[in-house]
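Working notes, structure below.
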2 protein chains.
Amino acid sequence: MARDAEATRERILTAATVEFAAHGFAGGRVDRIASEAQSNVRMIYAYYGGKSGLFDATLAEALRRMAENVPPRPDNLAGWAGDVFDHHQRFPEVLRLSMWAQLERPTATAEPHDIYRSKTLAVATAAAQPLSAVDVLVFIYAIAQAWQLSPEGLTGLEQNPVRAEEVAARRHSVVTAVERMLHART
Amino acid sequence: MARDAEATRERILTAATVEFAAHGFAGGRVDRIASEAQSNVRMIYAYYGGKSGLFDATLAEALRRMAENVPPRPDNLAGWAGDVFDHHQRFPEVLRLSMWAQLERPTATAEPHDIYRSKTLAVATAAAQPLSAVDVLVFIYAIAQAWQLSPEGLTGLEQNPVRAEEVAARRHSVVTAVERMLHART
DNA sequence: TACAAGTAAGTATTCATTTACTTATCAGAA
DNA sequence: TTCTGATAAGTAAATGAATACTTACTTGTA
């Protein structure tokens, strides 16, 4: 086994992402992460200081990647909502990690999200008159994530995984809903 | 101490609601629930069959109460969204329990939500043309819960607890957003 | 007095964290 | 080029604190 600190760090982070997304902080097992990463528990403590540090690093990295891959689109907020939907569809761990973090370690959540916020908030200022920029930002996120966040009981008794055309239809409904919210003439 | 099985059951359920809302299923402690309920661990096993059974009962009860207290308003879906917002504001445990359940015990979540769904779905059929009834239902929930679900980093660096007028403003934004989504003439 | 309701004290396991140890890598002296 | 030893990288096993669940028992009530 070649000795490469950076590579080991990364394997641990990847394994942690899977583990924590699946079981959360309290339910996530350090041993599983170590063996899945083909490494050792000790290394988690060496590189990340412990379970908490590893979890925080995992969340921060997931959000960083999202901010990088789904940049805000000032000219087309509805389209951007669609992009967010797609990103969560491709990487379901991100949303699960965020939810776990918000429930289990709310303080760890504030900071990385704030970075994303500053990137996107400016973008929403020009939007839908009676709604403020923050309103718009909060609702766009909510709508973009609505399908993935909805308990299955709400969306209907459905086959898993959801069929591709159904996913496309959902994406379309997201874009439509945001469009209507933003450009309504009542 | 009077011996009243029904009362003990209830005290346990109340304590469990607080405990599980705060720490989730994996993080929730059976001992804490027992002592908080002024009862004994053994009783949890007698009445609810174990930790899992207790958690499921807790969730089901919370959702039942919500369905009871916030009945769908066919004539005014936006107003209904406001009611849902209010309910989550008054009883934050409900939303937290739902989130925990969805992450930790997804199968337990499906059934109780489905009951709520059947109650509300019919109501949304007449709604906003390009969007289907299920679409509307999913988005109304998402918007109604958006503020409580948003990580603090997104809503802004804010004082805790949120000031009353700020809450009122948020409620108003929820109603407005749903109205616009439903009644848009684009 | 019979049974439901309640209690207290285990038991066996699981899990995060630490300790004490082994091995690869590589800079620089011979 | 070849040794060598200092240090970074990695390992295995122990520790000790929790924790869900059970057993064996006591007490109130109808």
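In what follows, every chain begins at residue 1, and chains take the letters A, B, ... in the order their sequences are listed. Both backbone and side-chain heavy atoms feed into the values below; hydrogens, waters and symmetry mates do not.
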Reading nucleotides 15-21 of chain D from 5' to 3' and marking B where a protein heavy atom lies under 4.0 Å of the base, S where only the sugar-phosphate is that close, and - otherwise, the string is ----SSB
Does the Lys NZ or Arg CZ of R180(A) fall within the cation-pi geometry relative to F139(B) - under 6.0 Å from the ring centre and within 45° of the axis?
no
For the pair R171(A) and D83(A), find out whether any cationic side-chain nitrogen is under 4.0 Å from an anionic carboxylate oxygen.
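Judged by the 4.0 Å cut-off on N to carboxylate O distance, R171(A) and D83(A) do form a salt bridge.
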Could you tell me the separation between the [atom1] atom of [X] and the [atom2] atom of [N], rounded to a whole number of Å?
{"X": "D4(A)", "N": "dA8(D)", "atom1": "CG", "atom2": "C1'", "answer": "12 Å"}
{"X": "E6(A)", "N": "dG10(D)", "atom1": "CD", "atom2": "C1'", "answer": "16 Å"}
{"X": "M43(A)", "N": "dT11(D)", "atom1": "CE", "atom2": "P", "answer": "7 Å"}
{"X": "N40(B)", "N": "dT27(D)", "atom1": "CG", "atom2": "P", "answer": "15 Å"}

Can you identify which nucleotide, out of [options], has its nearest atom closest to the [X] side chain?
{"X": "T8(A)", "options": "dT19(C), dT23(D), dG10(D)", "answer": "dG10(D)"}
{"X": "S39(A)", "options": "dT11(D), dT7(C), dA4(C)", "answer": "dT11(D)"}
{"X": "R42(A)", "options": "dA9(D), dT19(C), dG28(D)", "answer": "dT19(C)"}

Do the side chain of W100(B) and the main chain of A21(B) share a donor and acceptor less than 3.5 angstrom apart?
yes
Hits for side-chain hydrogen bond (donor to acceptor under 3.5 Å, both in side chains) against E10(A), two or more places apart or cross-chain, chain-then-number order -> none
Matching residue for Q148(B) among H88(B), R96(B), Q89(B), R170(B) - test: side-chain hydrogen bond (donor to acceptor under 3.5 Å, both in side chains)
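Of the listed options, the one satisfying the test is Q89(B).
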OP1 or OP2 of dG6(C) versus the side-chain N and O atoms of Y47(B): is any pair under 4.0 Å?
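For dG6(C), OP1 or OP2 has a side-chain N or O of Y47(B) closer than 4.0 Å.
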Listed partners of H87(A) passing ring pair (Phe, Tyr, Trp, His ring centres under 6.0 Å), at least two apart:
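H87(A): ring pair (Phe, Tyr, Trp, His ring centres under 6.0 Å) contacts with F91(A).
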